[in-house]
2 protein chains.
Amino acid sequence: MTRRNELTRQAARLFAQKGYHGTSIGDLAEAMGVQKGSLYAHISSKQDLLYETMAEGARAFHGGLDAIPDEAPVTEKIRLALRSHLQVVADQLDVATVFVQEWRYLEGDRREEIVGERRRYEERIRALFREGRDLGELRSDLDDATAALLVLSAVNWAYTWLQPGRATDELADRFWAVLVDGVRGYATPE
Amino acid sequence: MTRRNELTRQAARLFAQKGYHGTSIGDLAEAMGVQKGSLYAHISSKQDLLYETMAEGARAFHGGLDAIPDEAPVTEKIRLALRSHLQVVADQLDVATVFVQEWRYLEGDRREEIVGERRRYEERIRALFREGRDLGELRSDLDDATAALLVLSAVNWAYTWLQPGRATDELADRFWAVLVDGVRGYATPE
DNA sequence: TTGCTCGACCCTAACGATCGTTAGGGTACC
DNA sequence: GGTACCCTAACGATCGTTAGGGTCGAGCAA
């Protein structure tokens with residue numbers, strides 16, 4: 001683990017804990033056991049650290065979806081997507097936290113870039129529900145945009161309550177069970 | 001509208017837009033068309049403004065739930081709770097935004113107070129699902145804690161996408177429809 | 001009507017602290 | 001002789017906050 005990587009990790013941790021603007025270069029230096037001026041041997045600005053954390057988050061979330069097999073049934077793909085997302089949050093809680101709530105402090109082109117990654121990710125999730133309805137694997141009268149929004153919102157909030165120690169996959173499956181069959185437990189015949 | 005109230009409103013707006021630490025007293029003064037020192041005729045610290053916004057948020061969210069009739073069926077109560085929550089977010093988007101994502105910058109006792117209000121609110125939602133399962137209005141094998149977590153997470157994220165102009169109640173009902181009957185549309189017989 | 005007070009509101013000017021960043025020099029290991 | 005790493009010391013800017021003084025209209029007494 002190079003010194004540079006350690007700095008990125010500490011930055012993710014502190015940004016997650018106290019926010020980007022709430023974390024000073026001095027805080028970061030203290031966490032590294034170093035004078036604050038010394039950090040500039042590794043970075044050229046505080047923004048660098050934010051951007052790097054965001055880029056790592058984007059990579060992790062997209063990478064998770066990439067592993068989902070194309071030929072699986074849609075409900076299964078949704079289940080795997082839920083697992084993947086929560087797994088990323090659990091494995092890299094700090095990075096995920098920053099990715100979700102500190103992106104607005106990015107400046108310039110990097111901001112547009114990360115916003116684009118976020119949008120692309122959401123679009124991939126939305127596509128699952130659209131596809132599922134079109135293929136007849138989900139109910140024909142499904143409001144797929146709303147369903148996708150429900151799921152995306154839920155997992156985007158996961159960083160606030162997810163405990164990395166706990167069985168994350170099982171939790172994802174429980175989410176999935178509620179989502180797929182609803183809370184009432186019998187379908188309304190049309 | 002007193003000058004003091006106008007300041008609180010501007011604070012909510014700026015805190016929502018740029019974050020608590022990202023908003024300076026100078027920014028607030030500029031929004032009020034005043035020199036920054038002048039603000040201290042109205043407040044005694046920047047924290048005051050944050051606390052006040054949070055308190056207003058807590059009041060609004062709890063007030064919404066209070067209007068739900070006790071004797072209604074549980075599924076109906078859940079529908080009304082969804083409507084109420086989204087309505088508060090739509091009506092007071094700035095306040096809701098700050099309430100949801102800036103609470104961690106509160107300091108001292110006020111922080112504990114607001115955290116308590118948040119927890120109490122979530123408990124009221126959880127109770128709906130527990131009660132619904134116990135009364136047999138929801139499926140008997142329902143994981144009520146997970147269902148509540150799903151809903152709470154989804155609505156807590158609403159401030160990021162909700163557009164106050166759009167038909168909020170209808171949107172809440174669409175959420176409810178997905179939640180109640182699921183995306184698959186037929187129950188798995190056990 | 002005039003004169004006076006009071007409260008609401010704002011000003012300028014500065015305080016000490018902290019911010020992110022830079023310059024220039026030093027040590028130690030490959 | 002690099003290369004990786006860290007130091008001290010300071011820069012100008014901005015932070016939240018305070019002190020002290022000023023303006024203006026409403027309310028009331030003469």
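Quick note on labels: first sequence line is chain A, next is B, and so on, each numbered from 1.
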Of the listed nucleotides [options], the one nearest the side chain of [X]:
X       : options                : answer
B:Lys36 : C:dC19, C:dA14, C:dC10 : C:dA14
A:Ile25 : D:dC6, C:dC9, C:dT21   : C:dT21
B:Gln35 : C:dT12, C:dC9, C:dT21  : C:dT12
B:Ser24 : D:dC15, C:dG20, C:dC10 : D:dC15

Qualifying residue for side chain to side chain contact (heavy atoms under 4.5 Å, CB included) with A:Leu138, from A:Asp144, A:Leu128, A:Val180, A:Thr75: A:Thr75
What contact category does B:Ser45 fall into here, base, sugar-phosphate, or nothing, at under 4.0 angstrom with non-hydrogen atoms? sugar-phosphate
Between [N] atom [atom2] and [X] atom [atom1], what is the distance in whole Å?
X        : N      : atom1 : atom2 : result
A:Leu39  : D:dT8  : CG    : C1'   : 15 Å
A:Asn5   : D:dA4  : CG    : C1'   : 14 Å
A:Met32  : D:dA4  : CE    : P     : 15 Å
B:Arg3   : C:dC10 : CZ    : C1'   : 9 Å
A:Lys18  : C:dT18 : NZ    : P     : 12 Å
A:Leu7   : D:dA4  : CG    : C1'   : 14 Å
B:Glu107 : D:dG16 : CD    : P     : 12 Å
A:Arg4   : D:dC5  : CZ    : P     : 11 Å

[X] vs [N]: side-chain N/O to OP1/OP2 distance below 4.0 Å:
X       : N      : result
A:Tyr40 : C:dT22 : no
A:Ser38 : D:dC5  : no
A:His21 : D:dC15 : no

Contacts of A:Asp27 and B:Ala41 projected onto DNA chain C by closest heavy atom; the upstream (5') one is B:Ala41
Whether the A:Ser44 and A:Asp48 side chains hold a donor-acceptor pair (N or O, under 3.5 Å, no angle test) is what I'd like checked. yes
Parallel, tilted or perpendicular: which one describes the rings of B:Phe175 and B:Trp161, with boundaries at 30° and 60°? parallel
Do the numbers put A:Arg104 on top of the ring of A:Tyr20, so that NZ or CZ is under 6.0 Å from the six-membered ring centre and no more than 45° off the axis? no
Verify same cluster id: B:Trp176, B:Val155 (apolar side-chain graph, 4.5 Å): yes
